[in-house]
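What follows is a short report on a single structure.
In the text below, chain A, chain B and the rest are named by the order of the sequence lines, each starting its count at 1. Both backbone and side-chain heavy atoms feed into the values below; hydrogens, waters and symmetry mates do not.
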Number of protein chains: 2
Amino acid sequence: MLTTADQNYIKAIYRLQLGNEAVSTSALAAALGVTPASVSGMLRKLSRSNVLIHQRYKGVRLTARGRLAALQVIRRHRLIELFLVEILGLPWDSVHKEAERLEHVVSDEILERMDVLLGHPAVDPHGAPIPSHNGRIASHAGVRLAELDAGARGTVSEVADHDPDLLRYLSDIRLTPGAEVAVIDRLPFDGTVVITVSGRQQHVSAGVASAVWIETT
Amino acid sequence: MLTTADQNYIKAIYRLQLGNEAVSTSALAAALGVTPASVSGMLRKLSRSNVLIHQRYKGVRLTARGRLAALQVIRRHRLIELFLVEILGLPWDSVHKEAERLEHVVSDEILERMDVLLGHPAVDPHGAPIPSHNGRIASHAGVRLAELDAGARGTVSEVADHDPDLLRYLSDIRLTPGAEVAVIDRLPFDGTVVITVSGRQQHVSAGVASAVWIETT
DNA sequence: AAGAAAAGTTAGGATTGCCTAATTTAGATT
DNA sequence: AATCTAAATTAGGCAATCCTAACTTTTCTT
Ligand SMILES: [Mn+2]
Ligand SMILES: [Mn+2]
Ligand SMILES: [Mn+2]
Ligand SMILES: [Mn+2]
């Protein structure tokens with residue numbers, strides 16, 4: 001059985017591996033908030049349970065089993081987030097942290113009930129796709145707002161979910177999944193993007209703009 | 001901070017301590033499914049954090065702090081059970097085990113939302129009172145069905161929540177909290193109780209009858 | 001290509017919570 | 001009061017997961 005720590009490591013590797021290159025020990029350590037030494041130890045242990053392949057000094061990759069395990073944890077995480085927002089009415093900026101704990105303890109039966117109650121939803125509160133039971137996941141359609149040029153328009157498909165402050169700010173300026181956005185201009189010197197969202201014109205910093213994905217229309 | 005193990009120990013001591021005598025190491029070990037040696041170790045640790053007082057070879061008692069902590073965990077447990085039954089629609093015989101894990105990881109914010117959504121309920125799905133925030137709890141009104149004599153009548157106030165098989169059986173025969181019961185007879189030789197519940201006459205064994213509490217009318 | 005810097009691993013240790021086996025204490029029996 | 005038994009405790013270990021410090025390997029710079 002995979003422990004909570006195992007699941008967190010596997011999930012972090014999955015996220016860092018998008019693009020499919022091997023994940024470095026230090027990147028993992030940074031993502032998990034532990035020391036590189038701890039990561040080395042855990043990787044040795046996890047490779048024994050065949051969820052990943054670790055090449056000493058070269059990095060780590062999930063196996064098919066590891067990838068499935070990661071997607072199942074992500075499914076739990078995202079369903080729980082949506083449940084907390086939709087059914088319990090928690091603010092969307094706080095549910096990520098909650099789901100980070102609950103994803104390891106909610107039973108399959110409870111998760112199934114949540115899924116049914118939510119009507120088999122396709123995306124979480126931040127617009128991220130919810131993987132299916134067997135690890136199928138919709139591919140990420142969308143470009144970072146930071147990469148769009150003046151004249152582009154589209155719909156917000158997803159926003160980064162980690163930072164509560166950022167999420168509250170995005171709520172404030174209506175830059176949430178589903179919102180219609182038009183890019184008016186991009187300032188060349190610092191990447192600030194000038195946009196129109198729900199009728200209003202806004203300036204968003206390059207940092208914020210790279211935390212928002214747009215599906216162009 | 002109290003760990004999951006700490007909380008389970010404290011809760012078990014609270015339950016065994018009803019009546020207020022000190023709880024023995026072996027009783028605790030049996031309740032928690034660990035060895036007496038493990039209990040001795042944990043008691044030493046817990047007494048350092050002032051939730052209980054352990055007199056070597058004499059037994060253990062919760063302090064006021066420990067009692068409050070126990071009641072807060074019990075509050076979580078019971079609210080979660082009710083939430084799982086009422087909102088998620090899980091069967092009442094399965095929620096105890098789920099709550100046993102979730103009680104340690106659900107945040108105060110989530111718990112508060114559950115409480116509101118459920119309308120500040122007074123009892124859990126098995127009829128057990130839900131302690132308040134600050135550790136106030138309704139006293140247990142009711143006598144075991146096993147102790148009633150022919151002619152007695154009343155309402156089921158609570159049933160034992162641990163055994164799923166027993167709970168399914170009680171559901172089957174309608175002997176659930178709120179049900180009206182009349183005692184027709186009690187067989188002297190083995191304690192079997194003959195009752196009427198929702199129009200039907202039933203024989204229940206002494207074991208079952210001692211798992212059901214009745215508030216007599 | 002040599003040396004320095006960065007990245008990664010190993011060694012050794014802490015903590016938590018459990019175990020078994022050995023020992024000690026309390027309480028009951030004679 | 002001595003002895004036996006049952007209960008409880010201590011001693012010594014193990015697995016998981018983290019840490020710091022020391023060492024090794026890879027990569028970058030010159
Ligand atoms: Mn999230
Ligand atoms: Mn997590
Ligand atoms: Mn229960
Ligand atoms: Mn528990």
Side-chain angles (χ1 to χ4, degrees), chain A residues 1-17 19 21-62 66 69-70 73 97 100-105, chain B residues 1-14 16-17 19 21-62 66 69-70 73 100-105:
Chain A
M1 246 295 88
L2 297 174
T3 66
T4 292
D6 293 345
Q7 293 179 329
N8 284 334
Y9 272 79
I10 290 170
K11 200 168 54 131
I13 295 165
Y14 177 89
R15 274 210 299 116
L16 295 170
Q17 196 185 269
E21 322 94 64
V23 175
S24 73
T25 297
S26 50
L28 250 182
L32 291 165
V34 299
T35 61
S38 300
V39 172
S40 281
M42 280 296 280
L43 291 183
R44 186 162 50 255
K45 189 200 96 169
L46 285 168
S47 62
R48 266 186 263 118
S49 48
N50 299 313
V51 289
L52 53 79
I53 289 165
H54 182 214
Q55 294 209 321
R56 269 164 79 253
Y57 293 101
K58 290 301 173 52
V60 66
R61 276 193 163 83
L62 294 181
V73 178
K97 209 171 127 251
E100 204 56 60
R101 267 175 301 116
L102 290 170
E103 64 191 1
H104 312 291
V105 287
Chain B
M1 247 296 87
L2 297 174
T3 65
T4 291
D6 293 345
Q7 294 179 329
N8 284 333
Y9 272 79
I10 291 170
K11 200 168 55 132
I13 295 166
Y14 177 88
L16 294 170
Q17 196 185 271
E21 323 94 65
V23 174
S24 72
T25 297
S26 49
L28 249 182
L32 292 165
V34 299
T35 62
S38 299
V39 172
S40 280
M42 280 295 279
L43 291 182
R44 184 161 55 253
K45 189 199 96 172
L46 285 168
S47 63
R48 266 186 262 118
S49 48
N50 298 315
V51 289
L52 53 79
I53 289 165
H54 183 213
Q55 293 209 323
R56 269 162 83 255
Y57 293 100
K58 291 300 173 55
V60 67
R61 276 193 163 81
L62 294 180
V73 178
E100 204 55 60
R101 267 175 300 117
L102 290 170
E103 64 190 1
H104 312 291
V105 286

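Listed candidates were dG8(C), dT17(D), dT10(D). Nearest to the side chain of Ser26(A) is dG8(C). You'll find that the side chain of Thr3(B) is closest to dT16(C), out of dT9(D), dT16(C), dC19(D). Here the nucleotide nearest the side chain of Thr25(A), chosen from dT20(C), dA8(D), dT9(C), is dT9(C). Across dA11(D), dC18(D), dA8(D), the shortest atom-to-atom separation from the side chain of Ser38(A) is found for dC18(D). For Ser24(B), counting side-chain heavy atoms from C-beta on, the closest listed nucleotide (dT10(D), dG17(C), dA8(D)) is dA8(D).
Contact between the side-chain N/O atoms of Thr35(B) and the OP1/OP2 oxygens of dC19(C) is found at a separation under 4.0 Å. For Lys45(B), a side-chain nitrogen or oxygen approaches OP1 or OP2 of dG17(C) to under 4.0 Å.
Between the P atom of dT17(D) and the CG atom of Asn8(A) lies a distance of 10 Å, rounded to the nearest Å.
Judged as a salt bridge (Lys or Arg N to Asp or Glu O under 4.0 Å), not a single pair has a partner in residues 51-62 of chain A (not counting sequence neighbours).
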Which pairs, protein N/O on one side and nucleotides 12-15 of chain D N/O on the other, fall under 3.5 Å?
none

Report each atom pair, protein N/O against N/O of nucleotides 22-28 of chain D, whose distance is under 3.5 angstrom.
none

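Taking all atoms of both residues into account, the shortest heavy-atom contact from Ile10(A) to Gly66(A) is CG2-O, 3.3 Å.
Checking Ala37(A) against Thr4(A), the closest nucleotide of DNA chain D that is more toward the 5' end is the one next to Thr4(A).
A distance-only check finds no donor-acceptor pair linking the side chain of Gln7(B) to the backbone of His104(B) [under 3.5 Å].
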